[in-house]
Amino acid sequence: MIDLELIRTDLAGVRANLERRQRPEYLELLELVHQSDATWRALRQDADALRRTRNELSRRIAERRKQGQPSPELDREAKELPEKMRAIEEKEAALLAERDVALKRLPNLLDPSVPFGQDDHDNVTVATWGDPAKDPGHRKSHVELLEELGMAEFERAHRASGAGFYYLKGPVVLLDLALQRFALDLLTERGFTPVEPPFMLRRAPYEGVTDLADFENVMYHIDGEDLYLIATSEHPLAALYQGEILDEEDLPIRLAGISMNFRKEIGGHGVDQKGIFRTHQFAKVEQFVFCRPEDSPQIHEEIRTNAEEVFRRLEVPYRVVNVCTGDLGTVASKKYDIEAWFPRQQAFREVVSCSNCTDYQARRLGIRLGKAGRPGKIVPHTLNSTAIATSRGLAVILEQYQRPDGSIEVPKVLRSYLGGTSSITREGLN
RNA sequence: GCUGAGGUAGCCUAGCCCGGCAAGGCGCCAGCCUUGAAAGCUGGUGGCGGUGACGCCUCGGGAGUUCAAAUCUCCCCCUCAGCGCCA
């Protein structure tokens, strides 16, 4: 949520920022916020004056009663007030609601370093690592490979749970766990505290962390309960300190979330219909940081470096893009995507999303900064980045590390998590 | 799921039966004192609107009764404890 104070003091600046997102409805919303706020403030004066009159009358009546001198004329005067107040108070409440609903639908302000553009074609590559395409000839898709190895059940999963679900079987399950453990260990080395969060959240905290449209498009809702399956551990981690005052001394707070993630994800791409690249359910290790406002640009680079390190150690080529204004989500002020090279598809595909959400989530969640016993008004910044999403992590490893004979080489950095095993074959771990 | 106890400012608590400006403590801030600090003393310490004087709002949320609601009535939410169920 954008700071209302900023809209009041620098409307033109906020408008110019929102224009970069090229969505006319945002400017309309901004105008609505500004108008209803101004009208509300004016009305507020009148409403306050009326309430003041009522309070004064009440006090005089109480005074007279105490002295044993009832005052029918004051009583009569007071009786007429509530009717007068009802209309103005209803109008006041309506304006306030209108303002706040619109304010909640405005996206975060963009960082100046976000490149201008329409869609993902305009994202700007800011770094590359590794040598993408070597010998793409023998590559099978991860789906073919897994089925040939007998380590996944797609048809049966679709029958049991529907499209977008899968069974993994055998050594590839251990590979999945190895990836998670590897990422968690890397982050622990770098000062992150592992956290296993709730996999469901209530609506109120959830509204604090995500685009409201996600309730329709992305999140699964538990029937008959005020609970939503999390789409990423970012969400429960952000909600961890909902309504609290963080001690500045404790910042930055670096958390490594590990969870299953659940997404409805409307639409689908032909090539991803089957398989584990785009699914309703996947495991992910996530970086999440609460920090002082002035530190967030630097922390953003830090968590990007951590995410890059995951793929460097896995020896998977990738590029980093600075996501352009037209492709950036509602909550982020700036976002890097890391796109790994999928040789079978001869394409870079997103495996990491690394965002600086500035004060947008924290303000909605009512999180503030302060020192012991002294609450402040400053709102901390939050940042999040994938470390590894194992579905895509597995998919890229299966494509990168497959051998012509249909076996899979285990990335060096994962071997210690698999008892030193260096390859996976039909027979299992070798 | 059942029963009970609770939800008051950054934290802890009183007030609720019996309606009349939310009391007190801790923490924090400032001042006094001190070589410095602690202790002690004094004052301050929620949100919003207003240039300001000042005012309004705030007792989990909502509705109602009333001139007036933390307090009375109704509905709802949440937390904790015990019991039940349970990997």
Side-chain angles (χ1 to χ4, degrees), chain A residues 1-9 11 33-104 196 198-208 221-228 236 239-251 253 259-260 290 359 362-380:
Chain A
M1 186 162 72
I2 298 176
D3 186 0
L4 180 62
E5 205 50 40
L6 200 58
I7 294 175
R8 286 177 180 168
T9 55
L11 182 62
V33 170
H34 179 246
Q35 283 302 331
S36 50
D37 182 53
T39 313
W40 169 73
R41 283 198 284 175
L43 200 65
R44 173 72 194 264
Q45 312 273 342
D46 302 340
D48 274 4
L50 272 175
R51 283 190 280 256
R52 179 182 190 173
T53 307
R54 180 202 54 197
N55 290 345
E56 281 170 352
L57 258 179
S58 275
R59 257 170 262 152
R60 279 161 60 197
I61 291 171
E63 194 61 32
R64 293 283 291 269
R65 292 259 166 111
K66 213 183 283 176
Q67 294 167 355
Q69 304 174 337
S71 45
E73 74 287 352
L74 287 183
D75 289 8
R76 218 172 315 113
E77 197 181 339
K79 253 194 205 320
E80 291 164 7
L81 272 172
E83 196 50 44
K84 282 191 208 165
M85 292 176 62
R86 190 181 302 274
I88 196 165
E89 284 190 330
E90 273 171 12
K91 210 167 155 193
E92 191 194 356
L95 280 166
L96 208 53
E98 181 181 76
R99 180 192 81 182
D100 292 341
V101 165
L103 185 60
K104 275 193 111 175
E196 183 177 296
F199 289 7
M200 302 179 206
L201 276 187
R202 288 182 177 145
R203 173 113 192 175
Y206 226 133
E207 285 190 354
H221 178 241
I222 304 296
D223 190 31
E225 310 239 9
D226 179 24
L227 285 174
Y228 293 82
L240 177 60
Y241 298 118
Q242 180 195 9
E244 293 193 40
I245 289 146
L246 303 182
D247 192 329
E248 293 178 67
E249 304 292 319
D250 295 336
L251 300 182
I253 298 172
S259 76
M260 268 295 164
F290 294 94
D359 59 5
R363 176 169 294 109
R364 285 185 172 214
L365 288 165
I367 303 173
R368 287 174 291 164
L369 291 186
K371 292 204 172 87
R374 186 157 46 114
K377 286 188 176 179
I378 297 173
V379 176

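Naming: A, B, ... by sequence-line order, numbering from 1 per chain.
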Can you check each nucleotide of nucleotides 47-68 of chain B against protein heavy atoms at under 4.0 Å and return B for base, S for sugar-phosphate only, - for none, in 5' to 3' order? SBSS---SBBS---------BS
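Taking the P atom of each, B:G24 and B:A38 are spaced 25 Å apart, rounded to whole Å. For the C1' atoms, the distance linking B:U65 with B:U13 amounts to 30 Å, nearest Å. B:G55 and B:C18 have their C1' atoms separated by 31 Å, with the value rounded to a whole Å. One C1' atom belongs to B:U71, the other to B:U66, and the distance between them is 13 Å to the nearest Å. Across B:A63 and B:U58, the matching P atoms stand 11 Å from one another, rounded to whole Å. Only the P atoms considered, B:C21 is 14 Å distant from B:C57, to the nearest whole Å. Taking atom P on both nucleotides, B:G7 is separated from B:C16 by 13 Å, rounded to a whole Å. Rounded to whole Å, the separation between the C1' atoms of B:G1 and B:C74 comes to 24 Å.
Residues A:Val33 and A:Ala102 share a closest heavy-atom pair of CG2-CB, 3.5 Å. The shortest heavy-atom contact between A:Gly208 and A:Leu365 is CA-CD2, 4.0 Å.
Using a 4.0 Å cut-off between charged nitrogen and carboxylate oxygen, A:Arg52 and A:Glu56 count as a salt-bridge pair.
Atom pair A:Leu201:CG and B:C78:P shows a separation of 15 Å (rounding to whole Å applied). Across the protein-nucleic acid pair, A:Gln242 atom CD and B:C78 atom P stand 13 Å apart, rounded to whole Å.
For A:Glu248, the side-chain hydrogen bond (donor to acceptor under 3.5 Å, both in side chains) test picks out no residue, with sequence neighbours left out. Qualifying side-chain hydrogen bond (donor to acceptor under 3.5 Å, both in side chains) partners for A:Lys104, counting only residues two or more places apart in sequence or in other chains: A:Glu207. A:Glu89 is linked by a salt bridge (Lys or Arg N to Asp or Glu O under 4.0 Å) to A:Arg51, counting only residues two or more places apart in sequence or in another chain.
The residue A:Arg202 sits close only to the backbone: its heavy atoms come under 4.0 Å of sugar-phosphate atoms, none of a base.
Residues A:Leu246 and A:Arg368 are not in side-chain contact: their nearest non-hydrogen atoms beyond the backbone lie 4.5 Å or more apart. Side-chain contact check for A:Leu240 versus A:Ile253: every heavy-atom pair is 4.5 Å or farther apart.
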Nucleotide pairing, RNA chain B (Watson-Crick or G-U, distances under 3.5 Å), in dot-bracket with [ ] and |: ((((((((.[[[..)....(...]]]((((((.......))))))((((....))))..[[[[[..)....]]]]])))))))....
What donor-acceptor contacts under 3.5 angstrom involve side-chain atoms of residues 37-47 of chain A, with partners at least two apart or in another chain?
unit_1, atom_1, unit_2, atom_2, d
A:Asp37, OD1, A:Arg8, NH2, 2.9
A:Asp37, OD1, A:Arg99, NH1, 2.8
A:Asp37, OD2, A:Arg8, NE, 2.7
A:Thr39, OG1, A:Gln35, O, 2.8
A:Arg44, NE, A:Asp48, OD1, 3.1
A:Arg44, NE, A:Asp48, OD2, 3.2

